[in-house]
Number of protein chains: 2
Amino acid sequence: MSKYGRKYTHAVIATDVVVFTIKDEKLQALLIKMKKPEFRGYWAVPGGLVKGEEGLETAAFRHLSEKTGMRGVYIEQLQTFGDPKRDPFGRVVSVAYIALVSWDKHELKTSEQYGGVAWFPIAGLPKLAYDHEEIVRMAATRLKAKIEYTNIVRGLLPRRFTLTELQRAYEIILGKVIDKRNFRKKILETKIIKEVKGKISSGAHRPARMYRFVVDKPQAVEML
Amino acid sequence: MSKYGRKYTHAVIATDVVVFTIKDEKLQALLIKMKKPEFRGYWAVPGGLVKGEEGLETAAFRHLSEKTGMRGVYIEQLQTFGDPKRDPFGRVVSVAYIALVSWDKHELKTSEQYGGVAWFPIAGLPKLAYDHEEIVRMAATRLKAKIEYTNIVRGLLPRRFTLTELQRAYEIILGKVIDKRNFRKKILETKIIKEVKGKISSGAHRPARMYRFVVDKPQAVEML
DNA sequence: CCAAAAGTGTTCCGACTACACCCATGT
DNA sequence: ACATGGGTGTAGTCGGAACACTTTTGG
């Protein structure tokens, strides 16, 4: 029993979604500012309770949409956190999800109904409520592992992208530089992306070809 | 609402543990026979509800011990299953775990209090209750994936084992034959196992050297 | 014409694969 | 002595890593 007292008498089930994006050359997570007075100054991963007849993933989508305005993003289950002490208000078991988005595709809900929504670089998180720090860390670790053998990087990019953008995504998440020629050779021979008509000019240099993913569904592929 | 009616008004949390072992040259899972009349003839993975102030992993251990007599095994979280319709008696969200044991280390509880406990080969499961078939399938897939890049195989073997036993474990789980010389070279250069004094004679042939794992804690290692 | 990112092949080396025979024991 | 699984080394091949210059555009 915490100093705040238990709010729920039964254990309840919640979902939390760690939303990742790549922005300003950094891996960033979406956080919302806490409103509860006990957590003043803390931020949290968007989430909330699961309704009686609602599926877990459905609940995750609903809270994400309600609190951030995001819809139609890719999510996958991360892990379930159930330490009896993780929530001072009662026994809350949280099923954590990872979501990947192309940040420029989503307008963040400005409504101050939830106290603010903002992106934070993974290196440089603010104070997080509950065990959300652990959840975000584990999510980042999982992302780093899965990006090498699946096509999930897709979720972080816009529909059409350049090979340099794709390579930067890998470099940022893995935290290391990759040789350009080897990268292109490897990625192209997976046949998982395909050139698409149109080039993009982004400055005083040669314009880049655009590509898109051939398979839209998540699957295991040896990417690197 | 199912034809059996809802037993619980609130969603409750349960754990289920898929226990794997290698026995008779096959990967096998531990199942218990259902007692509820609605599930006559069905088997299930050992598990049950989480108590009010009990941790998830603690609950998994407790049910495993109560229903099968096993203690001190290695478990890790698999996934959480929360389809609102997965349990006809109410909304039960189940956190599934994987356990790995050396089958000869554990005497199965003979008490018929739970309707019977038995090993079943993964290829050749009986009718399973709830969504346990899906849970076991996913557990087997996860095991197959993780055995290549972690030291979890350790959980399936006795403390001291021969290289042939270790190789057989890999062959059975991966479902393919492995070259003996390449296997030994690879495994030994990981430094994750170490020869131990004593040999084992198991028939009309040269006795085998015994080995043990150097690190007892689960960790990621490129095994194959 | 200069700056800046796009685009493109080859060589080298280490890792994985394939493969066959002698050894130590029990019966 | 023979049947059985334990134990050992090498050669060939393939994939990953290292590496530098030309192209196209905007300013």
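Chain letters run A, B, ... following the sequence lines, proteins first, then strands; residues in each count from 1. Worth knowing before you read on, the calculation uses all heavy atoms, side chains too, and leaves out hydrogens, waters and symmetry mates.
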Notebook entry, point to check: Under 4.0 angstrom, heavy atoms only, what part of the nucleic acid is Thr162(B) near: base, sugar-phosphate, or nothing?
Noted result: nothing
Margin query: What contact category does Arg209(A) fall into here, base, sugar-phosphate, or nothing, at under 4.0 angstrom with non-hydrogen atoms?
Written below: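 If one applies the 4.0 Å heavy-atom cut-off, Arg209(A) turns out to touch the sugar-phosphate alone, with no base involved.
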Note to self: Please identify which of these residues, Phe120(B), Phe20(B), Trp43(B), Trp119(B), meets the side chain to side chain contact (heavy atoms under 4.5 Å, CB included) condition with Leu30(B).
What the structure shows: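 Exactly one candidate clears the test, Trp119(B).
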Notebook entry, point to check: Given Val92(B), which of Asp87(B), Asp16(B), Asp83(B) fulfils the side chain to side chain contact (heavy atoms under 4.5 Å, CB included) condition?
Noted result: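 Passing option: Asp87(B).
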Check: Closest nucleotide of DNA chain D for Lys199(A) versus for Glu189(A): which of these residues is on the 5' side?
Finding: Glu189(A)
Notebook entry, point to check: Using 30° and 60° as the class limits, which term best fits the ring planes of Phe39(B) and Tyr42(B): parallel, tilted or perpendicular?
Noted result: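 Perpendicular, since the angle between the ring planes exceeds 60°.
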Length of the [atom1]-[atom2] vector between [X] and [N], whole Å:
| X | N | atom1 | atom2 | answer |
| --- | --- | --- | --- | --- |
| Arg184(A) | dG16(D) | CZ | P | 18 Å |
| Asp179(B) | dA20(C) | CG | C1' | 11 Å |
| His205(A) | dG7(C) | NE2 | C1' | 13 Å |
| Gln167(B) | dG6(D) | CD | P | 9 Å |
| Leu163(A) | dT23(D) | CG | P | 20 Å |
| Phe183(B) | dA15(C) | CZ | C1' | 17 Å |
| Lys180(A) | dA18(D) | NZ | C1' | 15 Å |
| Phe161(A) | dA5(C) | CZ | P | 20 Å |

Item checked: N or O in side chain of Thr164(A) less than 4.0 angstrom from dA5(C) OP1/OP2 ->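 False: Thr164(A) side-chain N/O out of range (4.0 Å or more) of dA5(C) OP1/OP2.
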Has the side chain of [X] got a donor or acceptor atom sitting under 3.5 Å from an opposite partner on the base of [N]?
| X | N | result |
| --- | --- | --- |
| Arg181(A) | dA20(D) | yes |
| Lys186(A) | dG16(D) | no |
| Lys185(A) | dT10(C) | yes |

Next item on the list: Assign each of Gly203(B) and Ala208(A) to its nearest nucleotide of DNA chain C by heavy atoms, then name whichever residue's nucleotide is nearer the 5' end.
Entry: Ala208(A)
Note to self: So, taking the atom named CZ in Phe81(A) and the one named CZ in Arg86(A), what distance separates them when rounded to the nearest 0.5 Å?
What the structure shows: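 That separation rounds to 8.0 Å.
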Item checked: Separation of Phe161(B) CZ from Leu156(B) CG (nearest 0.5 Å) -> 11.5 Å
Check: Asn182(B) side chain: which of dC19(C), dA24(C), dG27(D) is closest?
Finding: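 For the Asn182(B) side chain, the nearest candidate turns out to be dC19(C).
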